[in-house]
Amino acid sequence: MEQKSLEFISAEKIGSVLTYKLLVDAVERGLGLFSQSKAGQGAATSTVDQPVRTVVNVSSKGFLGCMPVYVEADELLVTKLVTFFPKNKNIPSHHAVIVVFHANTGVPRALLDGEIITTRRTAAASVVATKYLANGNPKILAILGCGVQAESHYEAFSETFHLEQVRIWNHTPERAKEFVKKSEHRHNCVACDSAEEAVKEADVVVTVTSSSTPVVKAQWIKPGAHLNGVGACRPDMAEIDPALMKSAVVYVDSREGALKESGDILLSKAEIYAEIGEVVNGTKTALRDKTTVFKSLGEMFLPQ
Ligand SMILES: NC(=O)C1=CN([C@@H]2O[C@H](COP(=O)(O)OP(=O)(O)OC[C@H]3O[C@@H](n4cnc5c(N)ncnc54)[C@H](O)[C@@H]3O)[C@@H](O)[C@H]2O)C=CC1
Ligand SMILES: O=C(O)C1=NCCCC1
């Protein structure tokens, strides 16, 4: 009889092994598997079963998201539980734990601190989308927002692309200046006084704010640029000008998730061209010369 032995894997341990290289490869593969499968449709034969997460609102303070997934190929039966409390002060706005079960027996195997995985996986997903959708090698990156995701996106993009400049904007300008000064390695970073200044010559834009209303306007975007929309993960929230959503070619991580959760898509009534996993699988085209948006909502896949 299998003995129950539940291992706890700490944030320190995860942080020491989970490189962006590893994650980018794993997320790319995961997104491909997801789009190949009948994910979320409850089919017993599905190779990946990942229903759209269940979200519990905690009055006006925040929410709890429950994100289960079964990946047959990896014998993975996992769920992430993530909270988002945007008004938190002096502690992160997101917290998460991940529970891993044995896929053949249902026996719980491990409990993982989910914070670093959430932080880095999200940036890795934006890197995957950018690898496929950027028009040539991106040289100027604009990051709107200066929180945890801004840090991870800066690290992941700096490791992957040869960036000449990273333009940083925050709605409280002091925070953008602090971001730039945080490390001597950030010599290629500049704090911008306006979001327009950050965005207007950028090859790639990342929006990583807790804003419920658009922080980027259509007319600021360089034609052919690629934008990763990472925040605004509820149907009543939007980070991107509806005019940009309508004029750009829109890619998502999960079509079903986007049609339930993304205010940027629902409020603008933008058409979804493809899941990024379909591009990975070669069943949809990467329209690199067009202005593209990847609307990220956070489909979770763990490396083997
Ligand atoms: N798509 C995905 O997979 C994931 C998305 N997210 C989302 O990404 C966003 C950023 O997450 P974190 O960096 O962890 O959050 P954070 O709390 O560390 O940072 C939030 C940033 O938004 C800025 N901000 C707050 N209110 C604003 C407003 N009204 N207008 C403009 N900026 C404002 C803050 O100054 C800060 O720079 C959140 O919306 C979060 O829910 C987070 C994890 C995964
Ligand atoms: O995938 C995640 O993790 C999250 N996605 C949307 C916002 C909360 C965290």
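Ligands are counted one by one from 1 in listed order, and the atoms in each one are counted from 1 as well.
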Please work out, at 4.0 Å between heavy atoms, whether the side chain, the backbone, both, or neither of [X] comes within that distance of ligand 1.
{"X": "V148", "value": "both"}
{"X": "Q149", "value": "both"}
{"X": "V230", "value": "both"}
{"X": "L144", "value": "neither"}

- Mind checking whether T122 has a heavy atom under 4.0 Å from ligand 2?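 Contact check T122 vs ligand 2: negative.
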
- Message: When you measure from the heavy atoms of R121 to every atom of ligand 2, does any distance fall below 4.0 Å?
- Response: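 Outside the 4.0 Å threshold, so no.
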
Below 4.0 angstrom from a heavy atom of [X], which ligand 1 atoms are there? Numbered from 1 as shown, please.
{"X": "L297", "answer": "1 (N), 2 (C), 3 (O)"}
{"X": "C146", "answer": "37 (O)"}
{"X": "S296", "answer": "1 (N), 2 (C), 3 (O)"}
{"X": "R121", "answer": "3 (O)"}
{"X": "G298", "answer": "1 (N), 2 (C), 3 (O)"}

- Sorted by first residue and then second, give each ring-ring contact (aromatic ring centres under 6.0 Å, His included) pair with at least one member in residues 185-205; sequence neighbours left out.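 Sorted pair list comes back empty.
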
- Item | Residues forming a salt bridge (Lys or Arg N to Asp or Glu O under 4.0 Å) with K284, sequence neighbours excluded |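 Listed in chain order: nothing, the list is empty.
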
- Do you reckon I276 sits in the same ILVMFWY cluster as V230, going by side-chain contacts under 4.5 Å, direct or chained?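 I276 clusters together with V230.
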
- Answer yes or no: does an N/O atom from T172 fall short of 3.5 Å to an N/O atom of ligand 1?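 No; every N/O pair is 3.5 Å or more apart.
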
- Go through ligand 2 atom by atom and flag the ones less than 4.0 Å from a non-hydrogen atom of T118.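 Per the distance check, 3 (O).
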
